[in-house]
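First comes the structure, then the notes that go with it.
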There are 2 protein chains.
Amino acid sequence: MAFKHDLFAQFARVGKALSNGNRLELLEYLAQGERSVEQLSTVAGLTVANTSQHLQQLRHAGMVTSRKEGLKVYYRISGDDIIILLDALRSVAERHVTDVQYLVNTYLTVKDNLEPIPRAELLERARDGLITVLDVRPAEEYASGHVSGAVNVPLKDLEKWIKKLDKNQEIVAYCRGPHCVLAFDAVARLREKGIKARRMEDGYPEWKTAGLPVEESHSGT
Amino acid sequence: MAFKHDLFAQFARVGKALSNGNRLELLEYLAQGERSVEQLSTVAGLTVANTSQHLQQLRHAGMVTSRKEGLKVYYRISGDDIIILLDALRSVAERHVTDVQYLVNTYLTVKDNLEPIPRAELLERARDGLITVLDVRPAEEYASGHVSGAVNVPLKDLEKWIKKLDKNQEIVAYCRGPHCVLAFDAVARLREKGIKARRMEDGYPEWKTAGLPVEESHSGT
DNA sequence: TTATTATTCAATAGATTAATTGATTACTAG
DNA sequence: CTAGTAATCAATTAATCTATTGAATAATAA
């Protein structure tokens, strides 16, 4: 029985990595692509030292790897299975934790039908030129990797972009994941202007993990 | 940003539920079917009070539900998505935590080709009567639910059962999950006796979650 | 009513975790 | 070599978690 006990203890190490909100947030950003410690600390609103410590815990649990280049240390998700795990976690939380349901309903639901468009359908219709795919993440996240053919319009530039837009064009927006507010926000604003807009199912990491076409920066920086 | 923070904090509640080896073990047993607190405490080797507390934590995280019947309180997994989450966790641990790889290689690998037989293939060949499906879990776990058509032979009865077995018959054994030792053990022993035996991919909960045919006790007890 | 059983509750001690602070290391540029 | 930057390390405190113990509750049976 020692084996069983040891094995569950090891599984729990991965569970522990997922047991802290700040670490989950770091993982969400890492799911977008490789990031330095400083970038992560800024975006997650943590001190550099604290971020570094969380990242080391994630590394011990095997969820991220790191490489040093010059002064900087870059961390990245250690495999697509991590993204699958994170989505499974999110989806369990959304289905069974009532507070999550409340949060999602309060902050993320736009009145209308907000059925997101499935990836397969999006792909097909984008190929036919029927829709414009909109990436509403910050420029640097777009730069490190995005859905093939997507246009990058960070939220702050959205109003400007809308002006020079053919109002008959249908838009599909995406961002970091199923609960990322950016795409919800963008869709709401587009609809206000009378533009036909929907949200893409999930976000960039899931798209990429599904093996669908992406454009990635392979440059050193 | 408060929303994002709150949301990650809620996801972390599910992560916390997965952050303790004893809770993961309880979840594995619950994945087989409904169980009382006492049954769980026995099989997990914990005191009843401790088991009860862990179960309450799991309930707060939305992963299990409970019902009272007479003196007993029965707990059960709150949905198939929990099983998917547990498998995702196991598979991340197996791929990225070296200690898990070591444990698995040390305790679970039988020398030969131990490629488990995929569920789809098993189903097909069992229908054609080419193989016997063997459930090596304890009788009571078998009783509460098992793969349709499977024969229950707990490990301790295996030797006896082998004797009255047609040696040309091919056997496929399964138990609680991908890392459950029972099926590994059974396959090894069957092979020693010159019987063609393989292990089924994963275990009963995954089979059931995949929507494949099962026989379940729907009786009150 | 009383005794018995299954579970939960409450209080506790020891262990672990999270965030902060300031020092230290590793690397680069001048 | 020196200064500056990015990250890590080490020490600390407060908070949280785990397992244990014994008492309390709820349902059943005598």
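Lettering follows sequence order; numbering is per chain, from 1.
Comparing dA27(D), dC9(D), dT20(C) against the side chain of T47(A) picks out dT20(C) as the nearest. Checking dT8(C), dA27(D), dA19(C) against every side-chain atom of L71(B), the shortest atom distance belongs to dA27(D). In this structure, of dA7(D), dT18(D), dA27(D), it is dA7(D) that holds the atom nearest to the side chain of S52(A). Comparing dG22(C), dA19(D), dT8(C) by their nearest atom to the side chain of A49(A) picks out dG22(C).
For an aromatic pair to be called close, the ring centres must be under 6.0 Å apart, and F11(A) with H179(B) satisfies this.
Atom CG of N20(B) is separated from atom P of dT16(C) by 12 Å (rounded to the nearest Å). Nucleotide dA6(D) holds its C1' atom 13 Å from the CG atom of L40(A), rounded to whole Å. As rounded to whole Å, 18 Å separates atom P of dA11(D) from atom CG of N50(A). If you take NZ of K16(B) and P of dT16(D), they are 9 Å apart, rounded to a whole angstrom. Residue L58(A) contributes atom CG, which lies 12 Å from atom P of dT8(D) at whole-angstrom precision. Between K72(A) atom NZ and dA29(C) atom P there is a gap of 12 Å when expressed in whole angstrom units. Rounded to a whole Å, the CZ atom of R35(B) is 17 Å from the C1' atom of dA6(C). dC9(C) atom C1' lies 13 Å from atom CZ of R59(B), rounded to whole Å.
Between E28(B) and R23(B), no side-chain nitrogen of the basic residue sits less than 4.0 Å from a carboxylate oxygen of the acidic one, so the salt-bridge criterion is not met. Under 4.0 Å is where a charged nitrogen must lie from a carboxylate oxygen, and between R67(A) and E69(A) at least one such pair does.
Close to dT8(D), at under 4.0 Å from its OP1 or OP2, lies a side-chain N or O of Y75(A). Here H54(A) reaches the OP1 or OP2 of dA19(C): one of its side-chain N or O atoms lies under 4.0 Å away. R23(A) has no side-chain polar atom (N or O) that falls below the 4.0 Å cut-off from OP1 or OP2 of dT17(C).
In terms of position on DNA chain C, the residue among Q53(B) and Q57(A) whose nearest nucleotide sits closer to the 5' end is Q53(B).
Within the nucleic acid shown, V73(A) comes within 4.0 Å of sugar-phosphate atoms alone, with no base atom in reach, counting heavy atoms only. In this structure, T51(B) reaches neither bases nor backbone, as no heavy-atom distance under 4.0 Å exists between it and the strands shown.
Taken from OG1 in T65(B) to CD1 in I77(B), the straight-line distance is 9.0 Å, to the nearest 0.5 Å.
The aromatic rings of Y142(B) and H146(B) lie parallel to each other, their planes meeting at an angle below 30°, with 60° marking the opposite boundary.
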